[in-house]
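Everything below concerns the one structure shown next.
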Amino acid sequence: MIPKTTPEVIIKVLEQFDQELRETADWSSWEQNENHKFAIQHNGRLYPVKKIISLATNTPVNSFSGGNEANGYMDGLGFTIVQLRGNRLSKNNDKQDKDDQLVSLDNEVSHVIEAIALSGFYFEPWQIATYITAIRTKPFVILAGVSGTGKSKLPALVAKITGSKSKLLPVRPDWTDSSDVLGYCDLQGNFRPGPLLEFAREADERRDKHFICILDEMNLARVEQYFAEVLSRIEDWQFAEDGGYESGPLISIALNESDAVC
C-alpha cells in the first residue's frame, strides 16, 4: 500500500523533478522508454508516475505497482494521468496491462468532462470524448454543425483544462492564398510572418506543451487555397530522431537569411 501524502507535496516534488532530474541522462527522454506507459500531466508537462510517488512518499519504486495502483493513487489526489503513446496498446499482451490503460483513459476523459461542466458550459459527454479521441488520432479535426453550438469553444475549453495553449484564428472570406495565414514578402523583400506561422514557431520552441490552433468559420473561404501548405505537411509527418514527430517546412518561398523560418 502506498503511504499517504498531499497534493501540495506532489506539487513540490514535480518542481523538484524539473529542477534536479528532468535534464539528467536517466530522465531526459524517459517518455520514449516503453517501460513507461503513463504519465502525470501538470501545467503542460509530463512526469513519470511511479518516480514522483516514490519521491513524494519516500518509498522505493519497487514497493508498489504501476497501472491501477499508482494511477488510481494520483487520480485520487486530483492529478491527471495520461497514456504516453495515445491509444496504442503496449507490445505486452498481458490483459491486466490493457485494462490498466483503458481505466486511465476513462479517468482522463471523465476529468475533462467534469471540468467543462463546472466551467458553466454544456456538451454531451460523448461529444467531448469523441473530440479528444479525434485529436489524439490525427492533429487536424473538423467540427461540423449548426452555428452557435460551441464548435469553437470546445477545443478552447479542452486546451485550457489540459494545460495546452490555444489560439483562435477567424477565417475571412477574402482569403485566396496562404499569405494571411503563413505570411508574405513585402516590397522590400522582407518576410512578414502570418499568425499561424508565428503560433507554429512558438509550438516548435515549446515541445513540452500542447498547442491548438482553432480556425473559426473555416468554410468562409476555400480551405484548399489558404490552407494547402499546412494540409500537405500534416500528411508529411515522420518520427523525429530526438523523439516526437516532425515534418517539412511550411514556407516554400525563397527568404532572406535574416528571415529564416523553421
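The figures here come from the full heavy-atom set of this structure, side chains too, leaving out hydrogens, waters and symmetry mates. Start at 1 with the first residue, then count along the sequence.
- Clustering of Ile, Leu, Val, Met, Phe, Trp and Tyr side chains at separations under 4.5 Å places Phe211 together with Phe199.
- In the model, Glu229 has a side-chain atom that pairs as donor or acceptor with a side-chain atom of Ser178 under 3.5 Å.
- A donor atom on one side chain and an acceptor atom on the other are not found under 3.5 Å apart for Glu224 and Tyr226.
- Applying the salt bridge (Lys or Arg N to Asp or Glu O under 4.0 Å) definition to pairs two or more places apart or across chains, those involving residues 146-167 are Lys165-Glu202.
- What you find for Ile2 and Ala70 is that their closest heavy atoms are CD1-CA, 4.4 Å.
- Trp126 contributes atom CH2, which lies 15.0 Å from atom OH of Tyr131 (distance to the nearest 0.5 angstrom).
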_Ile81/Ile40 under side chain to side chain contact (heavy atoms under 4.5 Å, CB included): CA gap, chis, key distance, verdict_ = CA-CA 5 Å; Ile81 301 297; Ile40 302 166; 3.9 Å; yes
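- Put simply, the residue from Leu157, Ile116, Ile161 that forms a side-chain contact (heavy atoms from CB on, under 4.5 Å) with Ile128 is Ile116.
- In this structure, Arg45 pairs ionically with Asp18, as a charged nitrogen and a carboxylate oxygen lie closer than 4.0 Å.
- A distance-only check finds no donor-acceptor pair linking the side chain of Ser54 to the backbone of Lys50 [under 3.5 Å].
- Contact between Ser152 and Asp216 at its shortest, heavy atoms only, is OG-OD1, 2.7 Å.
- Heavy atoms of other residues, nucleotides or ligands lying less than 6.0 angstrom from CG of Asp174 number more than 12.
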*Under the side chain to side chain contact (heavy atoms under 4.5 Å, CB included) criterion, do Val109 and Thr133 qualify, and how do the steps go?*
CA-CA 9 Å; Val109 175; Thr133 301; over 6 Å; no
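- A donor-acceptor contact closer than 3.5 angstrom is absent between the side chains of Thr24 and Asp26.
- Scanning all heavy atoms of the two residues, the minimum distance from Val171 to Glu217 falls at CB-O, 3.5 Å.
- Not less than 6.0 angstrom separates the ring centroid of Phe227 from the ring centroid of Trp175.
- For Lys4 (side chain) and Thr57 (main-chain N/O), no donor-acceptor pair under 3.5 Å exists by modelled atom type.
- For Arg172, the CZ atom counts as loosely surrounded, since its 6.0 Å shell holds 12 or fewer non-hydrogen atoms of other residues, nucleotides or ligands.
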